[in-house]
Amino acid sequence: DFGAQHSDYEHTEFEGDGAPGTRFTSAGWEARVEAHHRGERVRGALGLQFIDVDFAAEGGEAFITPSNTQDMGAFVIERWNSGAWGLEGGARFERREIVNEGGGARDFDTASLSTGVFFRPVENWFVGATLARTQRAPTAIELFAEGPHLATANYEIGDPLLDKEAATSIEASARHEAGRLRFEASLYRVDFEDYVGLVQRGDVFWLDEATETSGFAPDESDPSIPAGAEVLPVFVFTQQDARFSGGEISLRAPLFEAGGFKVSGDVAYDVVRAEFNSGGRPPRIPPSSLTIGVDAENAHWRGRLEAAHVGDQDRLAAFETPTDSYTFVNAGIAFRPDGEEGALTLRLDGRNLTDEEGRVHASFLKDELPLPGRNLRFSVASSF
């Protein structure tokens with residue numbers, strides 16, 4: 001198999017008076033070639049991947065100078081399946097070269113390996129475990145950012161001396177499927193060496209367009225900041241060892257049939273915990289979430305009602321603020337004129353029907369931009 005694609009992206013951020021501000025461009029190409037093999041018990045693939053991307057931000061509030069990133073990777077994936085149990089594994093080797101105007105050049109060689117085992121102890125059950133060691137090279141932004149990033153309302157500072165990030169992970173999972181009954185559960189733990197995180201430094205950057213001056217100050221109340229100046233918190237890319245652990249569980253089961261409709265219920269829960277080995281926590285870690293739903297379906301109609309609860313987040317990084325929990329009630333109805341195999345679906349969805357306020361803890365802009373309130377969406381989908 002072979003594939004190639006080219007992308008050419010551009011967007012402009014406009015000032016409050018409508019004048020063009022910073023212009024962002026990203027142009028590049030990607031190519032991938034793969035060879036597959038498949039036997040009675042063994043199947044796998046090996047391949048090569050090439051990526052070349054030019055990124056630039058131009059304007060008074062550009063937070064990084066033009067950069068070119070080139071990635072070249074080779075990978076192999078193999079799976080042996082005896083029927084009752086099996087083994088799988090993979091490896092990827094990659095070289096990344098980053099050249100930044102004004103910041104210099106860096107190159108990284110990374111290697112990632114994984115191995116897993118799975119069992120089918122009884123009919124309809126699948127149990128598996130995976131152990132992996134992965135490495136990731138920093139991005140151009142993590143290395144060379146230096147300036148106000150208005151999309152996140154921060155002043156971001158990269159570190160050109162960042163090393164590659166490494167992670168050792170283990171995951172165990174179980175799955176059961178029998179007709180309309182489906183159960184899934186997984187647990188994982190990831191130990192990072194030199195985890196790259198964007199953390200708040202504690203001071204602020206100010207920019208006064210009226211006098212064309214700027215600078216840093218200990219906090220936004222500092223008297224040296226001119227009146228009317230724009231003030232942004234300063235964030236820096238740093239590396240620390242960290243540990244992430246979590247899991248998710250979901251169950252979907254048939255409930256009953258009535259009036260020609262099959263009614264099913266489902267529940268899903270997920271949670272993640274993260275902390276730095278030296279103390280403290282990484283920022284913007286999402287809280288736990290719980291979703292409970294009911295579906296009713298026949299050949300032409302499908303309806304769904306669900307409650308999606310997102311917990312509060314008070315396990316905070318330095319300078320973070322807590323985020324309150326919220327529960328959204330969502331509902332939807334879909335109509336297929338030609339039945340289950342039809343090529344046309346008309347759908348009406350209602351989100352956050354109780355118009356509750358919700359904020360995403362993982363967002364830089366959570367205090368300025370809450371999630372949408374009560375809203376309706378109508379869509380038409382066709383398959384052929």
Side-chain angles (χ1 to χ4, degrees), residues 44-47 49 51 69-79 87-98 106-118 127-145 156 158-174 184-200 235-249 270-289 313 315-318 320 361-362 364:
L46 55 89
Q49 184 177 25
I51 299 175
T69 301
Q70 295 183 3
D71 287 333
M72 182 176 68
F75 61 89
V76 59
I77 302 171
E78 295 293 335
R79 179 183 177 101
L87 300 171
E88 55 189 5
R92 180 180 177 89
F93 303 93
E94 184 171 317
R95 181 173 182 81
R96 170 171 292 180
E97 297 179 355
I98 301 175
R106 291 289 308 276
D107 58 75
F108 303 88
D109 293 314
T110 58
S112 299
L113 303 169
S114 68
T115 182
V117 59
F118 58 87
V127 179
T130 302
L131 177 67
R133 172 72 174 180
T134 59
Q135 294 181 321
R136 184 186 72 86
T139 65
I141 291 175
E142 292 169 339
L143 292 168
F144 301 115
E156 296 182 8
D159 182 355
L161 300 180
L162 288 178
D163 200 355
K164 54 192 174 185
E165 179 184 272
T168 302
S169 63
I170 184 169
E171 180 178 7
S173 62
E184 290 185 86
S186 66
L187 295 172
Y188 64 87
R189 172 168 168 155
V190 186
D191 288 303
F192 285 95
E193 298 171 18
D194 295 326
Y195 172 80
V196 178
L198 182 59
V199 300
Q200 198 164 347
F235 280 75
V236 295
F237 286 98
T238 64
Q239 288 190 294
Q240 298 185 59
D241 294 347
R243 181 170 55 254
F244 285 64
S245 59
E248 56 186 27
I249 185 170
D270 68 81
V271 62
V272 59
R273 295 286 185 262
E275 57 188 18
F276 289 122
N277 293 7
S278 59
R281 299 186 178 96
R284 296 174 298 282
I285 301 300
S288 61
S289 66
Q313 183 57 288
R315 300 171 61 87
L316 305 175
E320 275 194 309
H361 182 77
F364 284 102

Test item: Lys164 and Asp194 side chains (from C-beta on) under 4.5 Å apart, heavy atoms: no

Within the 6.0 Å centroid threshold, strictly below: Tyr188 and Phe244: no

Minimal non-hydrogen separation, Ile285 against Gln313, with atom names: O-NE2, 2.9 Å

Aromatic ring proximity, centroids under 6.0 angstrom, Phe75 and Phe93: no

Test item: Arg96 and Thr110 side chains (from C-beta on) under 4.5 Å apart, heavy atoms: no

Minimal non-hydrogen separation, Gly158 against Phe237, with atom names: CA-CD1, 3.9 Å

Phe118 six-ring face occupied by Arg79 cation (under 6.0 Å, within 45°): yes

Those residues that, when tested against Arg243, pass side chain to side chain contact (heavy atoms under 4.5 Å, CB included) (two or more places apart): Arg189, Asp191, Glu275, Asn277

Salt bridge (Lys or Arg N to Asp or Glu O under 4.0 Å) evaluation trace for Arg95 with Asp107: CA-CA 7 Å; Arg95 181 173 182 81; Asp107 58 75; 3.4 Å; yes

Under 3.5 Å donor-acceptor, Arg106 side chain and Leu143 backbone: no

Side chain proximity check, Thr139 to Thr69, heavy atoms < 4.5 angstrom: no

Test item: Glu142 and Ile98 side chains (from C-beta on) under 4.5 Å apart, heavy atoms: no

Side chains of Phe364 and Arg284 in contact at under 4.5 Å (non-hydrogen atoms): yes

Identified side chain to side chain contact (heavy atoms under 4.5 Å, CB included) partner of Gln240 from the options Phe276, Tyr195, Phe192: Phe276

Side chains of Val272 and Ser245 in contact at under 4.5 Å (non-hydrogen atoms): no

Shortest non-hydrogen contact from Pro283 toward Val199: CD-CG1, 4.0 Å

Polar side-chain atom of Ser112 near backbone of Gln135 as donor-acceptor pair, under 3.5 Å: yes

Output side-chain donor-acceptor pairs under 3.5 Å for residues 166-173, partner residues at least two apart or in another chain, one line each.
from, atom 1, to, atom 2, distance (Å)
Thr168, OG1, Arg133, NH1, 2.8

Salt bridge (charged side-chain N to carboxylate O under 4.0 Å, His left out) involving Glu320 - partner list, sequence neighbours excluded: none

Test log, rule side-chain hydrogen bond (donor to acceptor under 3.5 Å, both in side chains), inputs Gln49 and Arg92: CA-CA 10 Å; Gln49 184 177 25; Arg92 180 180 177 89; 2.9 Å; yes

pair Glu78-Glu88: side-chain heavy atoms closer than 4.5 Å: no

